[in-house]
Amino acid sequence: MEITNATASFAALSQDTRLKAFMLLVSHEPNGLPAGEIARQLDVPHNTMSAHLAVLARAGWVVSQRQSRQIIYRASLSHMEAVVQFLLKDCCAGHPELCDSLLESLSDCDTSVLNKLNN
């Protein structure tokens with residue numbers, strides 16, 4: 001991942017509603033949610049939510065698929081993994097043992113989410 005891609009990714013998540021939408025979609029993997037349901041759960045007007053989802057999609061955080069008349073959105077776990085790897089690429093200046101506490105904190109995550117990241 002290039003720094004410009006990472007910057008665009010961070011910019012997309014730097015807005016409250018978009019971050020909440022992404023986190024909601026991560027919690028609904030692997031099935032995703034229809035756009036209208038995301039808007040309802042976050043109490044955001046549908047047209048506003050569509051604009052936020054478009055920003056997230058352009059940045060790579062979400063993917064969409066049409067199912068009949070609905071568009072189902074899913075979190076792009078591969079993009080999230082790429083961003084995390086970008087951040088940790090040169091972790092601790094060649095001394096990865098300094099990052100042990102970070103790796104330990106990740107082990108507290110719900111293992112189903114970690115398994116999805118690894119697949």
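Just so it is clear, the structure is predicted and the values come from calculations on it, not from any experiment.
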**Message:** Is there a path of hydrophobic side-chain contacts, each under 4.5 Å between heavy atoms, that joins V55 and I72?
**Reply:** no
**Prompt:** Which atom names give the shortest non-hydrogen contact between W61 and S9, and what distance separates them?
**Reply:** NE1-O, 2.9 Å
**Message:** Set out, in order, the CA-CA distance, both residues' side-chain angles and the distance that settles side-chain contact (heavy atoms from CB on, under 4.5 Å) for L24 and Y73, then state yes or no.
**Reply:** CA-CA 10 Å; L24 177 65; Y73 286 88; over 6 Å; no
**Message:** Quick check: closest heavy atoms across R18 and A12, and the distance to 0.1 Å?
**Reply:** NE-O, 2.7 Å
**Prompt:** Counting only heavy atoms not in D43, do more than 12 sit closer than 6.0 Å to its CG atom?
**Reply:** no
**Request:** Kindly compute the distance separating CD (E37) from NE2 (H28), expressed to the nearest 0.5 Å.
**Result:** 7.0 Å
**Item:** Flag, side chain of H79 to backbone of V63, donor-acceptor distance under 3.5 Å
**Value:** no
**Request:** Report yes or no: does R74 contribute a side-chain atom to a donor-acceptor pair with the main-chain N or O of P30 at less than 3.5 Å?
**Result:** yes
**Asked** What's the shortest heavy-atom distance between L25 and V62, and which atoms?
**Response** CD1-CG1, 3.5 Å
**Asked** For the residue pair A75 and F22, what are the closest heavy atoms and their distance?
**Response** CB-CE1, 3.7 Å
**Request:** Could you check if a side-chain atom of D16 sits within less than 4.5 angstrom of a side-chain atom of K20, using non-hydrogen atoms only?
**Result:** yes
**Asked** Between M49 and V44, what is the shortest heavy-atom contact and its length?
**Response** N-CG1, 3.8 Å
**Message:** Looking at every non-hydrogen atom in both residues, tell me the closest pair between S64 and I71 and how far apart they are.
**Reply:** CB-CG2, 3.6 Å
**Request:** To the nearest 0.5 Å, tell me how far L56 CG sits from T17 OG1.
**Result:** 10.0 Å
**Prompt:** Quick one: does L33's side chain get under 4.5 Å of Q41's, heavy atoms only?
**Reply:** yes
